[in-house]
Amino acid sequence: MAAIITIFIAAILTDNFVLSKFLGICPFLGVSKKLNTAVGMSAAVIFVMLLATAVTYPIQVHILDVYDLGYLQTIVFILVIAALVQLVEIVLKKYIPSLYKSLGIYLPLITTNCAVLGVTLLNFTKTVDGRGLTYIEALVNSLGAGLGFMLAMVIFAGVRSRVEQSDAPEALKGLPITLIAASIVSVGFLGFAGLGA
Amino acid sequence: MKIIQTFTKGIVKENPVLRLVLGTCPTLAVTTMASNAIGMGAAATLVLLCSNIAISALRKVIPDKVRIPAYITIIAGFVTMVQMLVKAFAPAINDSLGIFLPLIVVNCIILGRAEMFASKNSVVPSIFDALGMGVGFTATLLCMGTIREILGNGTWFGLPITQGVIPPMLIMILPPGGFFVFGILMALANKLSGDGKKAELGCAGCPMAASCGSANLGECSSEKKAQTEEETKAEAVAAVSEGGDK
């Protein structure tokens, strides 16, 4: 139980996917202009991360490891994720159009989001108490990573709405000042680094 | 002549990182040391070169509807090969790049060039396009890696440079330093390019734009920006007057 809590907190705060691991920077910069789009995108990312972990973990443990096919990890994972995202999109479109309207539009972007592939790969490199993650712990890790992504997106959407109105020097306007603002938000997250110890 | 332009545009005018804002994740993550930057740049360039050749050669065979999954499969194949090569011949680079080596699969530069260039051009121009983009990517990474390593650690490629003169500023090799240096470099590129065009995270470079509902709504497109600029100004005025009232 203690291990699960440690993994969860670490994934959200100390190892924040966006601000300390640099995964998913494109949506972080691209979709954080408005709070509602930031929340919609993050919700879709959390959903896909959980689903991707739920599917890729058994594939790795029961197929790739058993038949000594570890080198196929990258290619199998990305294809599984791409197919999964496509499937989710079709199902949502057909059966839950209201959810499709709010989350579905972000799904194609998520296929090539390095945070999703990243979390499925990191589930096998991360260790807790000197051993690899179990299935449940991997799912908790993905949930934490997704929530951390959402936290960073929501915080940054707030910061950004102010930055957009600021009177920055001409060359810094737009993305450069946004990146510098992200740097300052990231300093805030450095403060959580002590939590891990 | 045109071939040379195809090569050079990737280095300056359409620099994938600073002008097209693609591949931001590896740019920020691996540039803590100049040697990592070179390793990442070389690996990505090799994958880009191979995938551009394969995709441009197969461009008439791949059906339009399933082109993105086909491209992803081709790219993932080459990434796996590069991963094995790096593991065998440069294990140190493999350790320091870690998860970002397999993540080359989802690097927007590679899928972006497949969609924008290789799927529409023959093999030879695609080779030069890949080389130009690869050199542009590597040069930008090296530039960032140099700045961050010298300021943050006092070394360059591991050799002591400013030790004893300037105390190392650790924050430069921590995540905030990455965002900061990237922001400053992009501002410099905006300033020096002189054509008044800003680096913009737009749908122009995004390979998923065609299938993305968000792009159709104009959420991340640069065209929408022009329209909303007036709205933003109006909002700003409203915010200022509101502040005055308080």
Side-chain angles (χ1 to χ4, degrees), chain A residues 19-31 33-34 37 41 71-79 82-83 86 101 104-109 111-118 121-122 125 164-165 169-187 189-190, chain B residues 21-22 24-29 68-69 72-73 75-77 79-80 83-84 98-100 102-103 105-108 111 171 174-188 190-191 198-202 206-208 210-217 219-220 232 235-236 239-240:
Chain A
L19 295 167
S20 47
K21 279 203 190 312
F22 293 127
L23 292 165
I25 299 290
C26 294
F28 177 65
L29 295 175
V31 201
K33 273 187 190 145
K34 285 194 218 113
T37 53
M41 175 81 185
Y71 59 90
L72 283 179
Q73 195 190 42
T74 314
I75 193 162
V76 169
F77 279 22
I78 187 69
L79 290 179
Q86 198 76 175
K101 254 188 161 168
I105 52 170
Y106 304 107
L107 286 174
L109 280 182
T111 321
T112 50
N113 182 341
C114 52
V116 176
L117 183 59
L121 294 174
L122 280 175
T125 54
E164 298 264 304
Q165 293 165 9
E170 194 51 44
L172 281 172
K173 268 186 191 152
L175 266 184
I177 195 77
T178 309
L179 282 164
I180 292 168
S183 153
I184 294 165
V185 175
S186 170
V187 172
F189 270 77
L190 270 188
Chain B
V21 203
L22 298 170
T24 42
C25 299
T27 306
L28 289 164
I68 300 277
I72 291 178
T73 316
I75 295 167
V79 169
T80 307
Q83 241 181 310
M84 289 165 128
I99 181 183
F100 282 93
L103 283 182
V105 178
V106 283
N107 188 324
C108 299
L111 197 55
I171 195 152
L174 292 174
F179 283 112
F180 186 74
V181 174
F182 193 26
I184 298 290
L185 276 185
M186 199 180 278
L188 262 180
N190 277 350
K191 182 99 190 155
K198 287 257 172 67
E200 184 74 49
L201 196 77
C206 179
M208 306 309 282
S211 55
C212 173
S214 181
N216 297 334
L217 291 180
E219 288 301 352
C220 72
T232 327
E235 272 171 34
V240 167

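Quick caveat: nothing in here was measured; it's all calculated off a predicted structure.
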Among A/Tyr71, A/Phe189, A/Phe77, who wins on heavy-atom pairs under 4.5 Å with chain B? A/Tyr71

Measuring heavy-atom distances to chain B, does A/Leu23 have an atom under 4.5 Å in its side chain, in its backbone, in both, or in neither? both

As an exercise: rank A/Ala82, A/Gly118, A/Pro169 by heavy-atom pairs under 4.5 Å with chain B and give me the winner. A/Gly118

For chain B, find which of A/Leu122, A/Ile184, A/Thr125, A/Ile177 contributes the most heavy-atom pairs closer than 4.5 angstrom. A/Leu122

Side chains of A/Val187 and B/Phe179: does their closest heavy-atom pair fall under 4.5 Å? no

Shortest non-hydrogen contact between B/Pro176 and A/Leu190, atoms and distance: CG-CD1, 3.8 Å

Measure across A/Lys173 and B/Asn190 and return the closest heavy-atom pair with its distance rounded to 0.1 Å. O-ND2, 4.4 Å

In terms of heavy-atom proximity below 4.5 Å to chain A, should B/Leu188 be classed as side chain, backbone, both, or neither? neither

Which atom of A/Cys114 lies closest to which atom of B/Leu103, heavy atoms considered: O-CD2, 3.8 Å

State, to 0.1 Å, how close A/Leu117 and B/Pro102 come at their nearest heavy-atom pair, and which atoms those are. CD2-O, 4.4 Å

For a 4.5 angstrom cut-off between non-hydrogen side-chain atoms, does A/Ile180 reach B/Ile184? yes

Turns out that what part of B/Thr80 lies under 4.5 Å from chain A's heavy atoms comes down to side chain

Tell me, do B/Pro175 and A/Leu19 make a side-chain contact under 4.5 Å, heavy atoms counted? no

Looking only at heavy atoms, the pair that brings B/Cys108 and A/Cys26 closest together is SG-SG, 4.2 Å

Could you state the interatomic distance from CE (B/Met186) to CG (A/Leu179), rounded to the nearest 0.5 Å? 5.0 Å

What distance do B/Ile72 atom CD1 and A/Leu79 atom CG have between them, rounded to the nearest 0.5 Å? 7.5 Å

How long is the span from the CG atom in A/Leu175 to the CZ atom in B/Phe182, to the nearest 0.5 Å? 8.0 Å

If you count heavy-atom pairs within less than 4.5 Å of chain A, which of B/Val181, B/Ile171, B/Val106, B/Asn107 leads? B/Val106

Residue A/Ser20 versus chain B: region with a heavy atom under 4.5 Å: both

Side chain / backbone / both / neither for B/Leu174 at chain A, heavy atoms under 4.5 Å: side chain

